[in-house]
A.B. asks: 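Structure incoming, see below.
The sequence lines fix the lettering, A, B, ..., with proteins before strands; numbering per chain opens at 1. These numbers were taken from a predicted model, which means no experiment stands behind them.
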Amino acid sequence: MALVKLNNRGVRSVSTFGSISSLGTYTFIKKLTASSSATLSFVDGSSDVVLDDTYKEYLFTFNNIHAATNDATFKFNGSSDTGSNYNVTKTTSYFDAFHIENDSQAAMGYRVAEDVAQGTGVATILRNLGDDNDQSASGYLHLFEPSSTTYTKHFIGGGSTYGSADENINNFMAGYFNTTSAVDAIQFSMSSGNIDAGDICLYGIN
Amino acid sequence: MARHHLINGIKVPFTAEEEAEWDANEAAFAEQQAKEVKEAPKPYVAQRKLAYPYIGDQLDMLWHAIDQDAELKGKYFAFHQAILAVKSKYPK
């Protein structure tokens with residue numbers, strides 16, 4: 001096969017491009033905007049929200065989550081009954097690095113206070129948000145094949161917090177819903193107080 | 001102010017039970033915060049943690065100190081010999 005060198009002149013002369021097929025898809029599903037909301041929930045089956053076997057992976061993005069209460073922590077939980085109860089058993093791990101603005105401290109470490117061992121309560125994604133007007137946290141949560149009835153459901157989350165101690169916190173968490181029932185709803189909340197503002201978007205990935 | 005859930009973009013007001021549960025949670029959080037302010041972490045703890053030599057280097061310094069002292073060599077014989085065996089097997 002001849003080797004064709006592609007340059008500016010070559011591109012200008014092209015009359016037809018070949019097509020690229022079999023790429024994956026990354027589909028926007030839903031955006032929720034907090035407005036002094038206690039919880040933000042994505043529930044499969046209504047208002048254009050899908051959280052089923054339509055996609056093998058789901059991605060939630062958090063854009064400038066602002067806590068109403070200083071030092072509150074951003075958390076989530078799952079439901080296996082379309083949002084009637086958010087109490088799916090889970091095991092998670094969590095570590096972070098932080099760096100204080102005045103450069104007085106910087107460290108990283110595992111946080112036992114933020115993990116869950118076979119608990120049904122909420123799990124930490126982004127810890128200790130400041131509530132000043134310019135403070136917020138942004139990040140993500142990947143949820144893998146929530147509809148599986150064979151495997152547990154893995155998730156990986158993290159992001160950047162402008163912390164209550166005027167620091168950057170680089171959050172890392174992962175875990176799994178320890179159930180072989182489908183997880184069909186996800187709820188986000190703070191450890192205390194409302195989610196004052198911020199967007200959460202849901203995407204489906206195939 | 002009454003709280004609400006935002007479910008798929010639709011506002012759903014809290015029930016009275018949920019309001020009571022969240023009131024209690026917020027009170028407990030405020031109490032915990034007040035306690036943490038009283039027990040504020042000491043900055044030198046993190047500063048020292050970052051400044052200390054790596055644990056391996058600390059152990060190496062300890063081994064050399066023992067190696068230079070006959071009494072300590074006898075006292076910490078197993079530790080000294082275990083490290084010495086590795087040093088002998090892989091000389092400089």
A.B. asks: Are B:Asn8 and A:Ser41 close enough that some pair of their side-chain heavy atoms sits under 4.5 Å apart?
C.D. replies: no

A.B. asks: Sequence neighbours excluded, which residues qualify as side chain to side chain contact (heavy atoms under 4.5 Å, CB included) partners of B:Lys73?
C.D. replies: B:Ile66, B:Asp67, B:His80

A.B. asks: At their closest point, which heavy atom of A:Ser36 faces which heavy atom of B:His4, and how far apart are they?
C.D. replies: O-CE1, 3.2 Å

A.B. asks: By a 4.5 Å heavy-atom criterion (distance strictly below it), what part of A:Asp48 contacts chain B: side chain, backbone, both, or neither?
C.D. replies: neither

A.B. asks: Look at the side chain of B:Asn25 and the backbone N and O of A:Ser191, then say whether any donor-acceptor pair between them is shorter than 3.5 Å.
C.D. replies: yes

A.B. asks: Check for a donor-acceptor pair, side chain of B:Glu26 on one end and backbone N or O of A:Ser192 on the other, with a separation under 3.5 Å.
C.D. replies: no

A.B. asks: Crowded around A:Gln118 CD? As in, over 12 foreign heavy atoms under 6.0 Å?
C.D. replies: yes

A.B. asks: Could you state the interatomic distance from OG (A:Ser189) to CH2 (B:Trp22), rounded to the nearest 0.5 Å?
C.D. replies: 5.0 Å

A.B. asks: Please round to the nearest 0.5 Å and tell me the distance separating atom OG of A:Ser47 and atom CD1 of B:Ile7.
C.D. replies: 10.0 Å

A.B. asks: Can you name the nearest heavy-atom pair linking A:Asp71 to B:Gln33, along with the distance?
C.D. replies: OD2-NE2, 2.9 Å

A.B. asks: If you count heavy atoms of other groups shown closer than 6.0 angstrom to OH of A:Tyr110, is the number above 12?
C.D. replies: yes

A.B. asks: Count the heavy atoms of every other residue, nucleotide or ligand shown that sit under 6.0 Å from NZ of B:Lys87, and state whether that count exceeds 12.
C.D. replies: yes

A.B. asks: For A:Asn133, is the CG atom crowded, meaning more than 12 foreign heavy atoms sit under 6.0 Å from it?
C.D. replies: no

A.B. asks: Count the heavy atoms of every other residue, nucleotide or ligand shown that sit under 6.0 Å from OH of B:Tyr76, and state whether that count exceeds 12.
C.D. replies: no

A.B. asks: Are B:His5 and A:Ser37 linked by a side-chain donor-acceptor pair shorter than 3.5 Å?
C.D. replies: no

A.B. asks: Check whether more than 12 heavy atoms from other residues, nucleotides or ligands sit under 6.0 Å from atom OH of B:Tyr54, and answer yes or no.
C.D. replies: no

A.B. asks: Taking the side chain as every heavy atom from C-beta outward, state whether B:Leu6 and A:Phe188 have any atom pair closer than 4.5 Å.
C.D. replies: no

